[in-house]
Amino acid sequence: MLDKATKSLLIAEIDKFLPKNNQDELVSAMRYMLFAPAKYIRPFLVIASSRVFNIEAVRTIPIAAAIECIHTYSLIHDDLPCMDNSDIRRGQLSCHKKFNEATAVLAGDALLTIAFEILSLLNEKYCEIVKVLSKAIGYRGMIKGQVMDIHADSDKIKEIHSLKTAKLFAASCEAGAIIGDATNEQREILHDYGMNLGLIFQAQDDIEDYEQDETNNLVSVLGKSGIKDYIEDLFNKASSNLNDLPGNTDYLYTVLNKIMKND
Ligand code: GRG
């Protein structure tokens, strides 16, 4: 999703915060998962949202890097035997399989922590971003969603999707808006766009997973045609969010169409 140059900038930014030539197992585990092939959707959303306000990608790289560290932490922890127990992530062995469980827990913790170290070095505008991100990923957000997911309550599946997936999409967009000095209304629109996009992304993921595992899956709740209608409705809402914004929304349309096509 990110072009080659921006991806290099993003990787260089994260790399700045990791010790060089370090053979330490923890750092190796962090690097192993951070630099594995990823789509970088959330960094793209930060850059695309700030583009609406004519902000150069280079100015948003630290925020994009911090959000990618948070996302990578969530994937490492989600794969653990006590959570989803997945052996493969980003096309390679998951972190606990490649290293061991303790290292994977700690690598996730360290990535979460480093995200806030990256943000703390920036100016006061970033305090607002720290607030938005903390709310999106903490006990009211992603972690709450993961707790509900573990309890596999299918009545609450849309809420689970909102909490564990869409809130980080929304926070990524809101971060771009904050950097761009968006008005409160524009910020809210970008937040709503991110929520709608994240819900589409998670619904597509459920469609893909359905053949392997029907439990705790939105297709089981809405049915195959119901989930298509649900996605269509979210697409219309996300498009209408973008229509309500000034400036260049091309990148945001691009990512919406890509996620709709699931490619
Ligand atoms: C363990 C705190 C904690 C949270 C876990 C976000 C989350 C909650 C788990 C991630 C696992 C998962 C299946 C989330 C659904 C969204 C999803 C498919 C994430 C994978 O994101 P991509 O496709 O991955 O953007 P890449 O590798 O491209 O970054």
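Just so you know, ligand 1 is whichever comes first in the structure, and atom 1 is the first atom listed for that ligand. Nothing fancy with the numbering, it's 1 onward along the sequence.
The shortest contact between atom 9 (C) of ligand 1 and any protein heavy atom is with D78 CG, 3.5 Å. Annotation: atom 22 (P) of ligand 1 to nearest protein heavy atom, K39 NZ, 3.4 Å. Nearest to atom 10 (C) of ligand 1 among the protein's heavy atoms is L75 CD2, 3.7 Å. Looking only at protein heavy atoms, the nearest one to atom 15 (C) of ligand 1 is Q202 OE1, 2.8 Å. The nearest heavy-atom contact from the protein to atom 17 (C) of ligand 1 is F201 CE2, 3.6 Å. The protein atom (non-hydrogen) at minimum distance from atom 1 (C) of ligand 1 is H77 CB, 3.6 Å. Of the protein's heavy atoms, K164 O, 3.3 Å lies nearest to atom 6 (C) of ligand 1.
Contacts between R90 and ligand 1 below 4.0 angstrom, taking non-hydrogen atoms only, involve the side chain exclusively. Counting heavy atoms closer than 4.0 Å to ligand 1, residue T72 contributes nothing at all.
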Go through D15 and R31 one step at a time and tell me if the salt bridge (Lys or Arg N to Asp or Glu O under 4.0 Å) criterion holds. CA-CA 8 Å; D15 209 37; R31 283 185 186 281; 2.5 Å; yes
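In Q212, the CD atom is crowded: over 12 heavy atoms of neighbouring residues, nucleotides or ligands sit closer than 6.0 Å. For K20, the NZ atom is densely surrounded, since the number of other residues' heavy atoms within 6.0 Å is greater than 12.
Shown in contact with Y73 at under 4.0 Å from a heavy atom are these atoms of ligand 1, numbered in order with element: 2 (C).
Both tests hold for R42 against F201: distance to the six-membered ring centre under 6.0 Å, angle to the ring axis within 45°.
Nearest residue to atom 25 (O) of ligand 1 from R42, Q146, K167 is R42 (criterion: closest heavy atom).
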